[in-house]
**Student:** 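Just dropping this structure here.
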Number of protein chains: 2
Amino acid sequence: MAEKIDLKRIARELNLAVSTVSRALRDSYEISEETKQKVFALARQLNYEPNPYASSLRRQRSKTIGVVLPELPNNFFTHVVNGIEWVARQKGYHVLIYITHEQMEQEISLIRHLQSGRVDGVLASVCAGTQDIAHFRSLHQHGIPLVFFDRVCEDSGFPTVTTNDYEASYHATVHLIQQGCRHLYHLTLPLHLSITRKRLQGFLDALQQYQLPVNESTVLIAKDMDLFYDQLDQLLCSTQPPDGIFAAVEKLVLLVYHICQKRHIRIPSQLKVLAFSNLETAPLLAPPLTTITQPAFEIGKKAAELLFRKIEKKRDILEQMHYVIPSALVIRDSTRSLGQALSNQSAAEWIHSA
Amino acid sequence: MAEKIDLKRIARELNLAVSTVSRALRDSYEISEETKQKVFALARQLNYEPNPYASSLRRQRSKTIGVVLPELPNNFFTHVVNGIEWVARQKGYHVLIYITHEQMEQEISLIRHLQSGRVDGVLASVCAGTQDIAHFRSLHQHGIPLVFFDRVCEDSGFPTVTTNDYEASYHATVHLIQQGCRHLYHLTLPLHLSITRKRLQGFLDALQQYQLPVNESTVLIAKDMDLFYDQLDQLLCSTQPPDGIFAAVEKLVLLVYHICQKRHIRIPSQLKVLAFSNLETAPLLAPPLTTITQPAFEIGKKAAELLFRKIEKKRDILEQMHYVIPSALVIRDSTRSLGQALSNQSAAEWIHSA
DNA sequence: TTGTAAGCGTTATCAT
DNA sequence: ATGATAACGCTTACAA
């Protein structure tokens with residue numbers, strides 16, 4: 001076991017004061033070039049790594065940010081985290097990951113803990129159930145900046161980074177209608193979330209625009225996954241099945257594919273399907289899935305950049321509180337109408353992004 | 001901005017010593033029930049959260065572990081992290097995520113930094129290029145436990161958690177051969193990694209067992225992805241194309257699917273394909289992909305459990321240094337031979353449309 | 001240019 | 001059962 005190397009040790013060996021060594025290592029202008037060189041050399045030789053907790057305690061900043069998200073095995077969130085990590089690394093910051101698993105109590109206790117000063121700022125995407133945001137306000141009162149991404153709390157006074165949920169939904173729905181769908185259904189998560197509300201609204205407005213009927217069964221909200229699967233199964237096998245499905249989140253469209261596979265329902269001839277999704281395998285599915293692809297990396301990057309602006313100068317007034325980075329509607333076979341040729345662009349498209 | 005709540009503040013309000021409050025909050029037997037209640041009540045009322053860095057500094061432990069991995073948007077790694085997080089949460093530990101992006105210098109500087117005491121232990125899956133493990137040894141010398149998972153350094157003296165790479169590969173290859181493949185190719189990453197070597201060995205041994213020929217082009221190693229795509233494209237379009245492909249990692253099998261889609265090569269009739277993969281969409285691909293599915297969550301969970309044993313009692317001798325959790329070969333249409341019934345309609349539709 | 005010393009908020013030791 | 005105090009390793013006035 002290697003003995004501990006601290007400032008005291010380096011100071012002792014060089015016959016210097018601890019403070020001198022500290023300053024030398026931070027390359028302070030007060031210290032002579034000669035001393036600096038000696039200190040650098042020994043520090044390197046001894047493999048010195050400053051104790052981050054001593055430093056954090058003294059300087060009252062942790063060089064750490066917290067990322068709070070509902071789930072990790074999710075193509076959208078992992079790319080967001082990648083974007084965040086990209087920025088954090090440039091800044092020399094560390095990233096703590098917290099997964100809420102959609103449990104509000106987790107989210108609350110976690111955020112309450114983060115008041116402690118463990119992190120200098122927080123990036124969060126809230127639980128599907130979150131309505132009360134007292135815990136986030138409390139965090140703010142403790143002077144810890146917070147930026148929401150994707151699943152944001154609107155009108156909460158915190159900066160947000162999202163995609164153009166409403167417009168993307170609207171246009172995707174219009175696409176479905178133009179492909180001939182007349183009996184459209186919308187699959188989504190509980191409507192507490194602003195993204196689910198906006199995506200739904202875009203969907204409904206398109207239906208209204210085209211004077212297509214809406215009834216209370218048009219919108220299916222997934223609370224429990226097993227239940228939802230059965231519900232969906234019944235819908236797709238009913239005597240009046242939908243001819244178009246819009247899934248507001250990736251997870252739900254996979255259920256549709258599974259059921260269609262099991263029930264031998266053909267996509268797109270019997271049923272057209274599209275979804276908000278960042279599945280890298282979307283072009284390889286049977287059939288290739290039309291997606292609203294969110295700029296996940298950019299969302300993470302932008303959210304992190306905003307957070308660092310807040311961290312670096314708390315008084316900084318952002319010229320804009322709500323950033324919207326548009327999604328792309330990528331049309332693939334799952335929404336093609338019969339007359340249209342099947343495409344093989346997907347491969348080329350994919351290579352390009354890889 | 002809420003004023004800072006610390007032990008001193010609580011002590012002052014209750015006319016107690018700081019040390020008493022500290023002990024009360026840790027529910028020490030030395031403190032009277034009455035005092036404890038008062039302290040608890042006030043702490044709760046003031047929303048007290050202890051400063052973790054002060055505590056870490058004093059106690060010389062951080063209640064934090066570090067997870068080092070080559071990439072995050074990857075179905076295997078995200079599930080591993082989920083498993084790790086699951087254990088860490090039980091233990092009241094925090095999780096720092098570090099992504100190396102396959103850059104060895106990143107890995108080295110990162111691990112060197114972690115000597116600082118920022119974490120109480122490290123879980124790592126190394127870069128494809130990592131050969132020298134001096135940085136890991138150095139970490140160990142600083143008394144910080146390390147457990148490798150998946151991409152492990154063998155014979156390094158550190159505990160490892162992996163799947164049964166060799167056996168799984170061997171059996172998967174036998175499966176391909178039994179399905180009629182005679183011209184098999186193996187796609188993999190650089191062979192510095194123990195997983196790539198073991199998977200390759202399982203593959204080669206099966207070929208030898210069945211007396212199938214092996215030549216220098218049988219094994220394709222992906223260094224640069226763009227280059228590899230072209231190389232693969234040429235192979236699949238050559239006059240002597242393979243009739244079976246084994247991809248040692250998920251990323252590479254997707255290239256195969258893309259090329260087959262673009263080149264109208266039919267799977268499985270012209271080419272059978274399987275891969276190590278944790279793709280949740282494997283059953284939904286065109287055609288459904290036969291996978292060697294790794295127990296990702298369990299690997300993360302086991303690795304974390306081992307790490308905590310080391311953290312909690314450094315002298316603890318593990319009765320076993322290398323844990324192997326078996327993968328499952330999930331046979332789907334991508335390796336079915338012609339005589340066999342297709343498992344579902346999506347494959348039928350795919351063939352029809354191809 | 002360098003040294004001395006206080007202090008960050010907690011915990012552990014020793015006293016009362 | 002509670003209090004006083006030192007110490008964790010570093011940064012930063014202030015002094016020299």
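Every chain is numbered from 1 and lettered A, B, ... according to where its sequence line falls, protein lines coming before strand lines.
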**Student:** From CG of B:Leu25 over to P of D:dT2, roughly how many Å is that when rounded to an integer?
**Tutor:** 13 Å
**Student:** Provide the closest heavy-atom pair for A:Leu96 versus A:Val119 in the form atom of the first, atom of the second, distance.
**Tutor:** CD1-CG1, 3.9 Å
**Student:** Answer with yes or no whether B:Arg58 presents, from its side chain, a donor or acceptor under 3.5 Å of a partner atom in the base of D:dG9.
**Tutor:** no
**Student:** Under 4.0 Å between a side-chain N/O of B:Gln60 and OP1 or OP2 of D:dA7, yes or no?
**Tutor:** no
**Student:** Rounded to the nearest 0.5 Å, what separation is found between the CD1 atom of A:Ile133 and the CD atom of A:Glu107?
**Tutor:** 10.0 Å
**Student:** Look at A:Glu319 together with A:Arg309 and state whether they make a salt bridge at an N to O cut-off of under 4.0 Å.
**Tutor:** yes
**Student:** Can you find a donor-acceptor pair, distance only, under 3.5 Å between A:Arg59 side chain and C:dG7 base?
**Tutor:** no
**Student:** Could you tell me whether A:Asp27 and A:Lys36 have a side-chain N and a carboxylate O separated by less than 4.0 Å?
**Tutor:** yes
**Student:** Looking for any heavy atom pair under 4.0 Å, which part of the strands does B:Pro52 touch: base, sugar-phosphate only, or nothing?
**Tutor:** nothing
**Student:** In plain terms, say whether A:Glu49 and B:Arg118 are close enough for a salt bridge, that is, a side-chain N and a carboxylate O under 4.0 Å apart.
**Tutor:** no
**Student:** Does the separation of the ring centres of A:His113 and B:His94 fall below 6.0 angstrom?
**Tutor:** yes
**Student:** Grab the OH-C1' distance between A:Tyr29 and D:dT12 for me, whole Å please.
**Tutor:** 12 Å
**Student:** Please give me every residue in residues 12-22 of chain B whose heavy atoms get under 4.0 Å of an atom in DNA chain C, ordered by residue number.
**Tutor:** B:Val18, B:Ser19, B:Ser22
**Student:** Measure OH/A:Tyr53 against C1'/C:dT11 and give the value in whole Å, please.
**Tutor:** 17 Å
**Student:** If you compare all heavy atoms of B:Thr163 against all heavy atoms of B:Ile299, which two are closest, and at what distance to 0.1 Å?
**Tutor:** N-CD1, 4.2 Å
**Student:** Rounded to whole Å, how long is the line connecting atom CG of A:Leu7 with atom P of D:dC8?
**Tutor:** 13 Å
**Student:** Determine, for B:Arg151 against B:Glu102, whether the closest basic-nitrogen to carboxylate-oxygen distance falls under 4.0 angstrom.
**Tutor:** yes
**Student:** If you compare every side-chain N and O of A:Arg26 against the phosphate oxygens of D:dT11 (OP1, OP2), does one of them come in below 4.0 Å?
**Tutor:** yes
**Student:** At a heavy-atom distance below 4.0 Å, what parts of residues 31-49 of chain B sit against DNA chain C?
**Tutor:** B:Tyr48
**Student:** Can you measure B:Arg23 atom CZ to C:dC14 atom P for me and round it to whole angstrom units?
**Tutor:** 13 Å
**Student:** Specify the separation, in whole Å, of atom CD1 of B:Ile10 and atom C1' of D:dT2.
**Tutor:** 17 Å
**Student:** Starting from P on D:dG9, measure out to CD on B:Gln115 and report it in whole angstrom.
**Tutor:** 16 Å
**Student:** Expressed in angstrom and rounded to an integer, what is the separation of A:Lys63 atom NZ from D:dC10 atom P?
**Tutor:** 16 Å
**Student:** Taking all heavy atoms of B:Ser22 and all of B:Leu7, pick out the closest pair and write down the distance.
**Tutor:** CB-CD1, 3.8 Å
